[in-house]
J.: 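Mind having a look at this structure? Questions to follow.
This is a predicted model, so every value here is computed, not measured.
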Amino acid sequence: MTTLAELNSTPGKKAAWWVADIAVVIYALIPVIWTISLSLKTPGNINDGKYLPTGGMSFESYQAIFKDTVFTRALINSIGICLISTAIALLLGVFAAYAIARLDFPGKKLMIMMSLLVAMFPQIALITPLFKIETAIGIFDTWPGLIIPYVTFALPLAIYTLSAFFREIPWELEKAAKMDGATPFQAFKDVIAPLALPGVFTTAILVFISCWNDFLYALSLTSTSAARTVPAAMSYFTGATTYEVPVGPITAAAVVITIPVLVLVLLFQRRIVAGLTNGAVKG
Amino acid sequence: MAEIELDHVVKRYPDGALAVQDFNLTIADKEFIILVGPSGCGKSTTLNMVAGLEDITQGELRIDGKVMNTVAPKDRDIAMVFQSYALYPHMTVAENMGFPLRLAKVDKATIRQKVEEAAEMLELTQHLDRKPSNLSGGQRQRVAMGRAIVRSPKAFLMDEPLSNLDAKLRVQMRTQVSRIQKTLGTTTLYVTHDQTEAMTLGDRVVVMRAGIIQQVGAPQELYDAPKNIFVAGFIGSPSMNFLPAQINGGQVTTALGTVDLPDELRRAVESRGGGGEVIIGIRPEHFEIGRLKEGVPGGRFNATFDIVESMGSDIFAYFTLSGSGAKSKELEELAADTGQESLGGDGIQVGVRLDPEARVSDGSTAELWYDTSKLHIFDLKSGENLTHEVAKASSAASTVDGPGARNASAAAASAAVGDGGADTAGADPLRKD
Ligand SMILES: Nc1ncnc2c1ncn2[C@@H]1O[C@H](COP(=O)(O)OP(=O)(O)OP(=O)(O)O)[C@@H](O)[C@H]1O
Ligand SMILES: [Mg+2]
């Protein structure tokens, strides 16, 4: 008798999975490679219609964007604003998620619903009021002017993923810590937080990426390079003439801003070890 | 080292569930108390209230005379061993065991020394640097014990600490728990489901049912003189046989025939206003094969055995009596808890323990004798043991130094500070390990 597992492991099935996997990867990578290819082409070859930069490679576009302070300034803005937003969102998210996962307090349901509401709200509808508020209180076109809305929209995401991780941690561990003489804060710091670390890293990556890729706020809540992040700055790149789209620099910038995200994911991936809670309770 | 007092303690959960009702118990210093009862009777709740993990709805908890109701768990100086062990997965065995000391800001050298001492006691020395996930169930259990003992707390609370172990390991750990408690002499409150643990570990056993204490006493006292039908059925394995009975004058009629009630029992029943419809209970060992009891007063009847299990030192035999079994709410609850619901259908299953001399076999018929002086007579409605006083008196007489002596020896132990704990153990006839 053949079981389902055996069926799945026949050479034919395996090959089929391979083909499917490769198809998906290629599908996802085509635009990425296309972008890299464009960024490496010489200005004269940009419109040659070739998928790969066979007509000669050059780093001209990269040199061009880094020569321009607009881009470097935007890069600094992006890194700074996103790191700070992620840190704040995580800090608040950890506490809120812990409360939601562990404590029973009046208004808990309301709080969950409100954060859902924030996540569901069409962001574009907020642009005009946010613009008015920010100009009125004088944070328009500053870092806080972007950090505040980023934190607001990252929080629901952070709370949701983090509370799922907190729920996974056996409650008995916390009781054990209490019995061992820990204050609630010590129990959190020494027992719960270390165990929730994989969740914190996962959330950090998600939140960082969502801030990093934001275009809407970056474009509408800034007016100079003081707080403009890379996605917004890219839209202000100018070509040699008004009618020319600066394809080279834009693709080069796109490649450059992908790198921090890649590094971040690769760095933290190792720390997201599944099954860290193994052995806590009889399993 | 502490005396723990629960004074009219009540626990009502926020959802309205009344988990513990009017719980009164004084646990003497160095005493080992066992809490038993069927699932959901409030054992864990009681333990958690002592620990401080659950609020006390009403009543008072005192440790060494100080009211503890609102004191945070960390300030009660009580250690707890959880059923699931609750080891910290990101810490090594040594870090797990040293955690309470680290929180208490003990210096590193002392922590290491204490952890090593405890590890030695628990045979964990070579595992100190490993993580809990790489340990076996028994080792994890010992780490949990270690974490409890390193800081020499006032009391130990243990919630079914051995129930996740397999049978053999459980026996091993049982003796270890008993040894540790004797050596350290720490007041212990121990929750269990297990008959053997209840009978062998504790100085006193508390039987609970539906949040209410049914009886508190030394294991032997509970066995010999249960206060009601619930305790009678719960304590003892194989359990007591229950038969519906009719008391008429000085005689009792059951499916085993009609016999004269011994005077003492008759007077006890009459003084409690009992009579008429009752339930009688007979322990398996109070039956014997008829020819081995020639001329001894008691009841006699013929039985055809369904199953005979020879254990070498004893024979366990089972037969079925016609008629319907004793019906009571308590008995049904017990049956549900042990998973023995409606095994027989028609007829009353009776289990007896016979002398190996009996030489009976499956399907054979023999005359059986039973000791009428050892009958327990329970009120049909309330389930109370009408003959409790009589049984208690004979239990006290037959035990060498009786339950009274136990308290005396516990008191003596607490007076002698040093190795008092070991003395208690030596003088305690019921602690077999
Ligand atoms: N957090 C809670 N909220 C409401 N009711 C509860 C809660 N915890 C326990 N109970 C109820 O209180 C009663 C006693 O529960 P408890 O856990 O003390 O039982 P137990 O004797 O330890 O049982 P077991 O042997 O199964 O562990 C049960 O009826 C249970 O349903
Ligand atoms: Mg329990």
J.: Using heavy-atom distances under 4.5 Å, tell me whether A:D190 contacts chain B through its side chain, its backbone, both, or neither.
T.: both
J.: Look at the side chain of B:Y88 and the backbone N and O of A:A177, then say whether any donor-acceptor pair between them is shorter than 3.5 Å.
T.: yes
J.: Take atom CZ in A:F185; do more than 12 heavy atoms of anything else shown fall under 6.0 Å from it?
T.: no
J.: Is there a side-chain contact between B:R151 and A:D180, using heavy atoms and a 4.5 Å cut-off?
T.: yes
J.: Using heavy atoms and a sub-4.5 Å threshold, report which of residues 50-58 of chain B line up against chain A, by residue number.
T.: B:A51, B:L53
J.: Please classify the contact of B:R76 with chain A as side chain, backbone, both or neither, using a heavy-atom distance under 4.5 Å.
T.: neither
J.: Which value, rounded to the nearest 0.5 Å, describes the distance between B:N48 atom CG and A:M179 atom CE?
T.: 8.5 Å
J.: Do the side chains of A:L173 and B:P89 get nearer than 4.5 Å, heavy atoms only?
T.: yes
J.: Does B:Q126, at its CD atom, have more than 12 non-hydrogen atoms belonging to other residues, nucleotides or ligands within less than 6.0 Å?
T.: yes
J.: How long is the gap from CD on A:Q186 to CG on B:L103, to the nearest 0.5 Å?
T.: 5.0 Å
J.: What distance separates A:E172 CD from B:D159 CG, expressed to the nearest 0.5 Å?
T.: 8.0 Å
J.: Check the surroundings of atom CZ in A:F121: do more than 12 heavy atoms from other residues, nucleotides or ligands lie under 6.0 Å from it?
T.: no
J.: Is the count of non-hydrogen atoms from other residues, nucleotides or ligands lying under 6.0 Å from A:K108 atom NZ greater than 12?
T.: yes
J.: Just jot down the ring-ring contact (aromatic ring centres under 6.0 Å, His included) partners of A:Y217, sequence neighbours excluded, or say none.
T.: A:F153
